[in-house]
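What follows is a short report on a single structure.
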Amino acid sequence: LTAQATTAPLFTQHCAGCHGTAASFARESLSWRDGVLAGKKSGRAVEATLRTHGGLAPADAAALVKTLARVMGEVNAK
């Protein structure tokens, strides 16, 4: 809960309008591929995707990947 409370609301601000909640997005759309967070359908690394998707600054994109990785652990996504 501390991580949730202290994390900037980047997903809510930049992603939720199209992708819903971070938890449902992680469960339905993300997977781990060789230790890298990736889209299930595309297989593309989330970090690479965020370079051209979502309008995030590079530092915010890195923070969002970290947040999504945490969420993946919380929802026990594989």
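Worth saying up front: this structure is predicted, and the values here are computed from it rather than measured.
Closest of all the heavy-atom pairs between Arg33 and Ser31 is NE-OG, 3.5 Å. Between Ala23 and Val71 the shortest heavy-atom distance is CA-CG1, 3.8 Å. In plain terms, the two heavy atoms of Gly43 and Ala38 that are nearest each other are O-CB, 3.8 Å. Of all non-hydrogen atoms in Trp32 and Ala69, the two that sit nearest each other are CH2-CB, 3.6 Å. The minimum heavy-atom distance linking Gly39 with Val46 is given by the pair N-CG2, 4.3 Å.
Residues Leu64 and His14 are not in side-chain contact: their nearest non-hydrogen atoms beyond the backbone lie 4.5 Å or more apart. Counting heavy atoms from C-beta on, the side chains of Ser29 and Lys40 never come closer than 4.5 Å.
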For this session: Carefully, step by step, assess Met72 and Leu37 under the rule side-chain contact (heavy atoms from CB on, under 4.5 Å).
Result: CA-CA 9 Å; Met72 288 285 284; Leu37 192 59; 3.7 Å; yes

Exercise. Given Leu68 and Phe25, is the side-chain contact (heavy atoms from CB on, under 4.5 Å) satisfied, shown in steps?
Worked result: CA-CA 9 Å; Leu68 289 170; Phe25 178 69; 4.3 Å; yes

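With values rounded to the nearest 0.5 angstrom, Arg27 atom CZ is found 10.5 Å from Glu74 atom CD. Distance CD/Glu47 to NZ/Lys66: 12.5 Å, rounded to 0.5 Å. The structure places CG of Leu56 at 6.0 Å from CG of Leu50, a figure rounded to the nearest 0.5 Å.
Counting only distance, with no hydrogens or angles, the side chain of Thr67 and the backbone of Ala63 share a donor-acceptor pair below 3.5 Å.
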